[in-house]
Q: 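The structure that follows is given in the form of structure tokens.
Numbers here simply count residues along the sequence, with the first being 1. Counting starts at 1 for both ligands and their atoms, following the listed order. Any value given below was found using the heavy atoms of this structure, including those in side chains, with hydrogens, waters and symmetry copies removed.
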Amino acid sequence: MATVELRSDTFTLPTDSMRRAMAAAEVGDDVWEEDPTVNRLQELAAKMVGMEASLFVPSGSMGNLCAVLAHTQPGDEVIVELDSHIYTHEVASGAVVAGVQMRPLDTLDGRLDPAQVQAAIREPDIHNPRTGLLCLENTHNLKGGICLNPRQTEALAEVAHRAGLPVHLDGARIFNAAVAQALDVRELTGSVDSVMFCLSKGLSAPVGSMLAGTRAFVERARRMRKMLGGGMRQAGVLAAAGICALTENVERLAEDHANALELARGLQGLPAIAVDLGRVETNMVYAHCLPPLTRERFVALCLERGIKVDASSPGTVRMVTHRNVSRQEIAYAVKAIGEALRAEALAAVS
Ligand code: TLP
């Protein structure tokens with residue numbers, strides 16, 4: 001039985017052109033900043049997001065941590081959204097490694113409100129931690145791949161900047177946000193001080209993320225990357241795939257978004273799950289399991305039919321579309337999941 005891999009866009013496999021570029025890559029020692037392919041990727045990435053410079057990092061998590069380290073002092077407070085990846089899925093690295101305290105703010109859909117951020121900025125007082133950074137996430141993973149638009153990003157950045165705070169954007173899927181809104185990505189990054197984005201998700205590179213900002217910020221982040229053990233040597237073989245990711249695979253993200261909508265439409269209205277079509281803005285579909293259907297049972301029903309879904313959040317199941325899931329596989333998943341849930345519903349009443 002063929003597998004339909006919907007657990008994450010991190011499962012994308014490198015393209016043929018990436019493999020060719022990797023084999024042919026010119027390389028050097030990147031800790032010495034002498035890998036020409038890494039340097040080319042860093043220049044390209046910085047230009048694409050409208051920043052002075054960028055740094056190739058092994059993962060999105062390391063990129064976010066380097067940003068937190070480079071922007072803050074130990075004891076600072078960092079304003080984050082309650083369900084943000086930085087707060088929930090990075091093993092408390094900000095607390096452990098950067099020595100910062102996270103200040104999580106709850107939202108309905110992942111979009112922080114400027115007034116809420118304003119209210120969370122600490123007054124200078126001997127008792128208070130110093131607010132040191134605002135982190136945003138676009139697209140917002142746990143809230144369903146929801147996008148911030150340029151106006152929302154600017155309004156949030158303005159509140160932070162007025163208080164002298166830098167803004168870091170976890171833009172792991174910032175190109176999904178740009179493509180979904182038919183924008184140049186710079187419209188989403190122009191008002192923030194640093195942005196991390198992943199090459200290894202929908203863009204299909206095997207490894208790596210970029211952290212971009214001012215030249216001075218990137219130099220601080222480079223030291224932090226070295227401290228964390230992320231200084232790589234002949235990393236040009238990986239950077240070559242990253243260049244393909246950015247030059248060949250951005251526009252096609254629209255196909256993933258169309259597939260996610262198709263999947264959500266097909267699952268909507270099935271017994272025992274709830275899918276909010278209004279939240280399907282990019283490449284993710286979250287299905288809430290309604291009792292008596294449990295998340296574990298839903299995952300098992302899918303797996304019996306060769307469909308792999310992600311059950312890492314309580315009560316919900318995540319399905320992510322990407323380059324290695326075709327429209328035919330989406331049609332198969334809709335049909336197979338529909339049949340399974342209808343059979344379950346029938347069994348429950350008989
Ligand atoms: N997200 C992964 C898992 O860690 C949940 C996924 O499968 O979606 N920011 C955001 C918004 C992310 O979604 C991720 C990865 C990261 C940062 C971290 O990137 P990596 O996995 O490269 O460390």
Q: Go through the steps to decide whether D9 and R173 satisfy the test salt bridge (Lys or Arg N to Asp or Glu O under 4.0 Å), and finish with yes or no.
A: CA-CA 10 Å; D9 46 8; R173 297 183 179 83; 2.8 Å; yes
Q: For E5, is there an ion pair with R7 - N to carboxylate O distance below 4.0 angstrom?
A: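 So R7 pairs with E5 through a salt bridge.
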Q: Indicate the ring-plane relationship of F175 and F197, choosing parallel, tilted or perpendicular according to the 30° and 60° boundaries.
A: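 F175 vs F197 ring planes: perpendicular.
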Q: For D16, enumerate each residue passing the side-chain contact (heavy atoms from CB on, under 4.5 Å) test, keeping only those at least two apart in sequence or located in another chain.
A: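 Only R20 meet the side-chain contact (heavy atoms from CB on, under 4.5 Å) criterion with D16.
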Q: Report each N/O pair between ligand 1 and the protein that falls under 3.5 Å, naming both atoms.
A:
{"unit_1": "ligand 1", "atom_1": "1 (N)", "unit_2": "H85", "atom_2": "NE2", "d": "3.3"}
{"unit_1": "ligand 1", "atom_1": "4 (O)", "unit_2": "H85", "atom_2": "NE2", "d": "2.9"}
{"unit_1": "ligand 1", "atom_1": "7 (O)", "unit_2": "S8", "atom_2": "OG", "d": "2.7"}
{"unit_1": "ligand 1", "atom_1": "7 (O)", "unit_2": "R318", "atom_2": "NH2", "d": "2.9"}
{"unit_1": "ligand 1", "atom_1": "8 (O)", "unit_2": "N141", "atom_2": "ND2", "d": "3.0"}
{"unit_1": "ligand 1", "atom_1": "8 (O)", "unit_2": "R173", "atom_2": "NH2", "d": "2.8"}
{"unit_1": "ligand 1", "atom_1": "8 (O)", "unit_2": "R318", "atom_2": "NH1", "d": "2.9"}
{"unit_1": "ligand 1", "atom_1": "8 (O)", "unit_2": "R318", "atom_2": "NH2", "d": "3.4"}
{"unit_1": "ligand 1", "atom_1": "9 (N)", "unit_2": "D170", "atom_2": "OD1", "d": "3.0"}
{"unit_1": "ligand 1", "atom_1": "9 (N)", "unit_2": "D170", "atom_2": "OD2", "d": "2.7"}
{"unit_1": "ligand 1", "atom_1": "13 (O)", "unit_2": "N141", "atom_2": "ND2", "d": "2.9"}
{"unit_1": "ligand 1", "atom_1": "13 (O)", "unit_2": "R173", "atom_2": "NH1", "d": "2.9"}
{"unit_1": "ligand 1", "atom_1": "19 (O)", "unit_2": "K201", "atom_2": "NZ", "d": "3.0"}
{"unit_1": "ligand 1", "atom_1": "22 (O)", "unit_2": "G60", "atom_2": "N", "d": "2.8"}
{"unit_1": "ligand 1", "atom_1": "23 (O)", "unit_2": "G60", "atom_2": "N", "d": "3.4"}
{"unit_1": "ligand 1", "atom_1": "23 (O)", "unit_2": "S61", "atom_2": "N", "d": "2.8"}
{"unit_1": "ligand 1", "atom_1": "23 (O)", "unit_2": "S61", "atom_2": "OG", "d": "2.6"}

Q: Does any non-hydrogen side-chain atom of V80 lie less than 4.5 Å from one of L105?
A: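 Sidechains of V80 and L105: no contact.
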Q: Main chain of G145, side chain of N283: is a donor-acceptor contact present, judged purely on distance under 3.5 Å?
A: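 Side chain of N283 to backbone of G145, a donor-acceptor pair under 3.5 Å: no, none is there.
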